[in-house]
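Predicted, not measured: the structure shown is a model, and the values here were computed from it. Read the numbers this way: they start at 1 and go in the same order the structure lists the ligands and their atoms. What you see below is based on every heavy atom in this structure, not just the backbone, and it leaves out hydrogens, waters and symmetry mates.
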Amino acid sequence: MAAALDVARHAAEQTTIRRALAGVAVAYAGYKVLVALYNISPFHPLSRFPGPRLAAAGYFYEAYYDWIRGGKYTQEIKRMHEKYGPIVRINPDELHCNDPLFTDEIYAGPGRVRDKWYHQLNTGGAGPVSVTAFSTVPHEVHKMKKAPYARFFSRQQIAKLEGEVLDAAQLVTNKMLSIAQSSKKASESQHGEVFDVKDAFNCYTADVIGQYAFGTSMGFITQEGWTPNFATWVKSFLQSAYTMRHNAVARKVAQYIPLMADYMGEDIATVMRQMNVVIPGYIQAALDDPENGRVFAEVLQNKSLPDSYKDMFHLSGEGFNFLLAGTETTAAILTVITYHLLHQPAIYKRLMQTLDDTSPSTLKWSHLENKPYFWAIVQESLRIMPGVSHRSARIARDEDLHYKSASGDVVYVVPRGTPIGMSSVINHMDPGLFPDPEAFRPERWLLEDGSPNYKLQKYLLAFSRGSRSCIGEK
Ligand code: HEM
């Protein structure tokens, strides 16, 4: 009898728990439906902006493109612009613009407040890399963090360390040629060993950044072969970035990655070792030798930066970020240039003619940058391979932004506090700005008399613009 009562009580408890859980699920679903209804209602501050209703209703629309379609939301945004016009609502809270004439309003200079947006920084980055200037939301804190590093990437400073960049270029070129020559001899064929030139450039760019920032090359060029290199290690981290944005649980777990790194595969373990052990080691060596003129010793002396941003955790975050932001991007541009020079011999020939007064042993950037055709090739490569493909929204916290299309027929007021961004891959492929946009055509950057068409540069978004633009652009 007692046993039967126990069973009945247990069953009743189970039913109560199930009902309670179902109640919570229904309440949560009801809440989500109410939020979605509000998002598409005329009461929402962005209700006047066009776009798919589903995208405005909730984040599931964007998440579908990020998760199921492998990060292809930018293509969907491009389609939205074709259908709805120059400013579209791409999720409940964010707008996207494809009118290049509005660029300097969105990406304004340091005198106007522009915050970043958490939604886009939710990439699962953990440890030192999550406290960098790049990952900082508030305008004022970002400005304070970026300034002491930005000085080190000035034209003047780069000219000072140009010789180190050139030495690495010579080293990587020699290695490429020797691989090609030795395998040619071995096989007696017309073709040398095939290797992925992007791997070679990834070795080159990581070594240059290591040398430039820490005073120590990372030794990728001098290793046997081209892999692994820094880009190989961070690939798995970058591939998961899209999905992390929509998954708060995964982001929470990612915060413990530094503790669990050894169990998460070799690449993640290596990235964590680089960020937490190797790079702090380089930085400590640079600090111990302040005469070597690297950025970190100077940062410690900076009076405007509070001490709380000068510990090894913050310094190695910035150091790691230089590699993260500067390796793959620059290697991709060099790869695109190499491909098109080989693919279109006429471009290669014209470039060589332009450079016939230039010798590798006396090469200087100040000489190269005054060669219009060389400059045009660089601009065209930045256009066609923008390095960063994702939109990056800015928030004008203190001011409404007033948009008016060139024809004057589309007018909007973007309410203050609204994230709004642009995508270089959309702007750079606009046939109105760059006719036949898929074609690699350096000539489009030159005026009829062969001089650089600097005016076209204002349509280039490769390095972003304004207060948050690339520190490595020079
Ligand atoms: C062709 C090569 C490069 C391209 C296309 C590129 C592109 C960009 C873009 C688009 C941004 C803005 C990102 C955003 O808005 O969220 C950015 C920021 C940044 N880049 Fe680059 N980059 C390149 C090379 C480099 C190099 C060589 C370095 C350093 C060694 C570097 C360091 C940085 C840093 C530190 C930031 C953050 C700036 C800030 O906090 O305001 N980049 N880059």
Undergrad: For S392, counting its heavy atoms only, list the atoms of ligand 1 lying under 4.0 Å from any of them.
TA: 14 (C), 15 (O), 16 (O)

Undergrad: Have a look at F153, F463, W117, Y212 and point out the one with the heavy atom closest to atom 30 (C) of ligand 1.
TA: F153

Undergrad: For S464, which part has a heavy atom under 4.0 Å from ligand 1: side chain, backbone, both, or neither?
TA: both

Undergrad: Which part of R465 is near ligand 1, with near meaning a heavy atom under 4.0 Å away: side chain, backbone, both or neither?
TA: neither

Undergrad: Does H428 reach the main-chain N or O of L461 with its side chain, forming a donor-acceptor pair under 3.5 Å?
TA: yes

Undergrad: Measure centre to centre between the rings of F220 and F230, then say whether the value is under 6.0 Å.
TA: no

Undergrad: Can you tell me which residue and heavy atom of the protein come closest to atom 13 (C) of ligand 1, and the distance to 0.1 Å?
TA: F134 CE1, 3.7 Å

Undergrad: Which atoms of ligand 1 have any heavy atom of S469 under 4.0 Å away?
TA: 38 (C), 41 (O)

Undergrad: Describe, in one word, how the ring planes of F322 and F296 are oriented to each other, choosing from parallel (under 30°), tilted (30 to 60°) and perpendicular (over 60°).
TA: tilted

Undergrad: Nearest to atom 34 (C) of ligand 1, what protein heavy atom do you find, and at what distance?
TA: I471 CG2, 3.6 Å

Undergrad: Looking only at protein heavy atoms, which one is nearest to atom 40 (O) of ligand 1, and what is the separation?
TA: H142 NE2, 3.0 Å

Undergrad: Please state whether the rings of W67 and H246 are parallel, tilted or perpendicular, taking 30° and 60° as the class boundaries.
TA: perpendicular

Undergrad: Numbering the atoms of ligand 1 from 1, which are under 4.0 Å from a heavy atom of R394?
TA: 14 (C), 15 (O)

Undergrad: Nearest protein heavy atom to atom 42 (N) of ligand 1, by residue and atom, and its distance?
TA: C470 SG, 3.0 Å

Undergrad: Atom 26 (C) of ligand 1: which of G319, G210, G326 has the nearest heavy atom?
TA: G326

Undergrad: Kindly identify the option in K116, R468, K143 whose heavy atom sits closest to atom 16 (O) of ligand 1.
TA: K116

Undergrad: Could you work out, for atom 7 (C) of ligand 1, the closest of G387, A462, S424, G472 by heavy-atom distance?
TA: A462

Undergrad: Please classify the A332 to ligand 1 contact at 4.0 Å (heavy-atom distances, strictly less than): side chain, backbone, both or neither.
TA: neither

Undergrad: As a test of understanding, state which of W375, Y459, W445 forms a ring pair (Phe, Tyr, Trp, His ring centres under 6.0 Å) with Y454.
TA: W375

Undergrad: Are Y64 and F60 near enough that their ring centres are under 6.0 Å apart?
TA: no

Undergrad: Measure from NZ or CZ of K474 to the centre of the six-membered ring of F463, then state whether that distance is under 6.0 Å and the direction lies within 45° of the axis.
TA: no

Undergrad: What distance separates N98 CG from I77 CD1, expressed to the nearest 0.5 Å?
TA: 10.5 Å

Undergrad: Which is it for K146 and ligand 1 at heavy atoms under 4.0 Å: side chain, backbone, both or neither?
TA: side chain

Undergrad: Could you tell me which atoms of ligand 1, counted from 1 in the order shown, lie closer than 4.0 angstrom to a heavy atom of I333?
TA: 1 (C)

Undergrad: Is a donor on one side and an acceptor on the other found under 3.5 Å between the side chain of R294 and the backbone of Y212?
TA: yes

Undergrad: When only distance counts, is N321 in polar contact with ligand 1, meaning an N/O pair under 3.5 Å?
TA: no

Undergrad: Check whether NZ of the Lys or CZ of the Arg R89 lies under 6.0 Å from the centre of the six-membered ring of F49 and within 45 degrees of that ring's axis.
TA: no

Undergrad: Side-chain donor-acceptor pair under 3.5 Å between Q353 and Y373, yes or no?
TA: no

Undergrad: Nearest non-hydrogen atom to atom 5 (C) of ligand 1 belongs to which of S467, S135, A133, P386?
TA: P386

Undergrad: So which of H390, E94, R245 actually passes side chain to side chain donor-acceptor pair (under 3.5 Å) with Q120?
TA: E94

Undergrad: Which atoms of ligand 1 sit under 4.0 Å from any heavy atom of T329?
TA: 2 (C), 3 (C), 4 (C), 23 (C), 24 (C)

